[in-house]
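Reading through the structure tokens given below for one structure.
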Amino acid sequence: MKNLTFISCLLVSGWLTGATAADKNQPIYKDAKAPIEDRVNDLVSKMTLEEKVFQLNQYTLGRNNNANNLGEEVKNLPATLGSVIYFDEDPELRNAAQKKAMEESRLGIPIIFGYDVIHGFRTVYPISLGQACSWNTALVEDACAVAAQESRMSGVDWTFSPMIDVARDGRWGRVAEGYGEDPYTNAAFSAASVRGYQGKNLADGKQVAACLKHYIGYGASEAGRDYVYTEISNQSLWDTYLPPYEAGVKAGAATLMSSFNDISGTPGSANHYIMTEILKNRWKHDGFIVSDWSAVPQLIEQGHAANRKEAARLAFNAGLEMDMMGHCYDKYMAELVKEGKISMAQVDDAVKRVLRLKFRLGLFDNPYTPKTTAKERFLLPQSLATAEKLAEETIVLLKNENNLLPLNTKNKPTIAVVGPLAKNRPELLGSWYGHGHAENVLPINEALNAEFAGKANLIYADGCDFDGNDTAKFNEALSAAQKADIILLCMGEKKSWSGENASRSIIELPAIQEQFIAEMKKAGKPMVLVLANGRPLGLSKVEPLCDAIVEMWQPGVPGGKPLAGVLSGRVNPSGKLSITFPRSTGQIPVYYNQRKSARPNSGKYQDIPSTPLYEFGHGLSYSTFNYGDIKLAKETIKRNEKIVVEVPVTNASKRDGAEVIHWFISDPFCTITRPVKELKHFEKQLIKAGDTYVFRFEIDPMRDLSFVDSDGKRFLENGEYFVTVKDKKVKFTIED
Ligand code: GLC
């Protein structure tokens, strides 16, 4: 017995000693308790050049549905690969790939898996352009948190979102993906999205790393075409395009994605000024930049690189850390280092940035995604509720003649529901719909049947298709309209008409839809136009024919239910436009914060009014909100003094309603000319019927009144300023 005990003691002590020895011999980078920077430095010091290079490459895994960039499963994924775009919605394939990286590579460095989760993974919520119309950053943050949880539980650690390209040309299909025409709006939703995606702890298994894109100025694409030149002065770079990125970086965004576009002669993906000088040297960003898909070799098409090796050198030396599917870094980087054209120090810095995120995500300590069922991952009740609430708040009531809406159902009216979107599911998902399934979308007809059960008779007729020239079904729709008390026109766009590589030469509805609307007018009944679309539309021809117009954007899974709520009055619309609706394509670009004209009362088009059809911030409610006068705490303040401005808003109706107010500042004259007005704060409040709410904005002169020069230097000039809310405007002065 004694011997046995003795031997077992030896074994135990040996085990312990052995374990202790193993801990002692365990490299720091494998020690979950060691500080991340120590783990990063330790690991890089152990890596070969080849291993470092592969950390800076991203391939694809699984088959994707993006026709612009078809990714095939990489059968022989290199075990040392840094990243993968993951196209599956189940973690199994991902875990198999990860197992290879952890067990078949020398150092066991986990792969980071990315994917385009733009407005939802499976619980798809409204497109971003619509989200911005909610002016509810907290709700957008919640929606991003839903997307993050579904993504992470499905094997995705990193989303290529938020897209924060300021865009003012509706011909550009990707206007759907961002938060509209205004820098401040995009900045507010950039930060909210990052908070939602990343949460407080990237390693908690429910968050994903964010990726601010497309850095930078992609929204200025010439004539709204995609992948083309963008004329962006350094002044515009700083005052218009950079603010959303600065806000996202300040919110802690882990990564950025470099853009396709040529920025006034230097493509975004080879632009040292934006990727190194601004982002790294000035903003001290400690994450990394991934290229857009093949943006590195595309430097050749753009006439910036002679060949792929040159493209690799130019992009990497400009500050681009990771090559997405370009196969330039994997092929040429080692050679370029050996030739002294890329420094090993810069390679080490880039690899550290990638490894730092992998440690922060907990991928070294928990490389595998836990197995769960689809039911455990997707379409959870709370997720659906968040998506529905957001979809309700994105709806913008553009027109409501004689308060036609909400529909009066006292006498159980007959409603003719016509148009290509009346029974459609897939088109309501919008572009970049991730793993959204059409069968999860509630179509408008089913939503109306439920909402108006027992309250109205609903008759349906297609009438026309989205486009083409087939008028064969016009008559059937017209006869339905003649039997009805009200006509509900469900019109708009296919999801493929916006998003990437989806530019359109005109923003008007297709002729067949305009023709159909005119045909329905012949029934002589009140008409409600419902629009589901991914861009501002040119509505000048159809607007006069319709008594009410409801912009529902592309709502995702909630589908027609929020719309039905607005039509019945269950939902009081609160959305306000995040992008101007021009009268016609010819008016583009038209946006609220344009610079002033030398002759404000002339120089206009001869054939149309100079104002847009619907302005930035336009949106009607079923409530009536009366604005009092703006109250200034003081009329003259010092440069370092803050000033509170207030405006009382009364809900003079019998309906509770949410009101959004936008606080604009303007500087009537400045060393560098400024936009006619600039949004600097917004707030949304539910105001009960009959109540008054006092909205407050504390103006911090350096933050809210200053401007930037063409190298980003912020300056504040003394003198007059104005603050505007709706049509109210007050002046105050800044002095030393
Ligand atoms: C696409 C898009 C970009 C997306 C990337 C990966 O080309 O430009 O937004 O994140 O490729 O799919």
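Scope of the values below: all heavy atoms of this structure, side chains included, with no hydrogens, waters or symmetry mates. We count ligands from 1, going down the list as the structure has it; atoms in each ligand are counted the same way.
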- prompt: Step by step, would you call D286 with R360 a salt bridge (charged side-chain N to carboxylate O under 4.0 Å, His left out)?
  reply: CA-CA 12 Å; D286 71 356; R360 286 176 177 166; 2.7 Å; yes
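With sequence neighbours left out, the side chain to side chain contact (heavy atoms under 4.5 Å, CB included) criterion links D330 to F54, N57, Y59, H327.
Those atoms of ligand 1 with a heavy atom of D116 less than 4.0 angstrom away are 4 (C), 6 (C), 10 (O), 12 (O). Annotation for ligand 1: atoms under 4.0 Å from non-hydrogen atoms of F260 are 7 (O), 8 (O). Heavy-atom contacts of K213 reach the following atoms of ligand 1: 3 (C), 4 (C), 9 (O), 10 (O) (cutoff under 4.0 Å). Of all the atoms in ligand 1, the ones that sit under 4.0 Å from a non-hydrogen atom of F160 are 10 (O). Atom numbering of ligand 1 starts at 1 in the shown order; those under 4.0 Å from a heavy atom of H214 are 3 (C), 8 (O), 9 (O). Listed by number with element, the atoms of ligand 1 under 4.0 angstrom from any heavy atom of W293 are 7 (O), 11 (O). When each atom of ligand 1 is checked for a heavy atom of M257 under 4.0 Å away, the hits are 3 (C), 10 (O). Below 4.0 Å from some heavy atom of E500 lie the following atoms of ligand 1, by number and element: 1 (C), 2 (C), 7 (O), 8 (O).
Ring to ring, Y86 and Y115 are not that close: their centroids are 6.0 angstrom or more apart. The aromatic ring centroids of Y218 and Y241 lie 6.0 Å or more from each other.
For a threshold of 3.5 Å applied to N or O pairs, the pair formed by E177 and ligand 1 contains no separation below that value. By the 3.5 Å distance cut-off applied to N or O atoms, W432 is not counted among the residues near ligand 1.
Proximity of M163 to ligand 1 is not established, as no heavy-atom distance is less than 4.0 Å. At least one heavy atom of M324 sits closer than 4.0 Å to an atom of ligand 1. Contact annotation: Y115 has no heavy atom less than 4.0 Å from any atom of ligand 1.
For the pair C144 and Y125, the minimum side-chain heavy-atom distance is below 4.5 Å.
If you check each of N501, D165, D292, D226 against atom 5 (C) of ligand 1, the one with the closest non-hydrogen atom is D292.
Looking at F87, F121, F378 one by one, the single match for ring pair (Phe, Tyr, Trp, His ring centres under 6.0 Å) with H435 turns out to be F121. Only one option out of E551, K494, E493 pairs with N533 in a side chain to side chain donor-acceptor pair (under 3.5 Å); it is E551.
Residues N136 and E393 have side chains that bring a donor and an acceptor to within less than 3.5 angstrom of each other.
Both the sub-6.0 Å distance and the 45° axial angle are not jointly satisfied by R535 relative to the ring of W497.
By the criterion of a heavy-atom distance under 4.0 Å, the side chain of R174, and not its backbone, is placed next to ligand 1.
The aromatic rings of Y215 and W283 are tilted relative to each other, their planes meeting at an angle between 30° and 60°.
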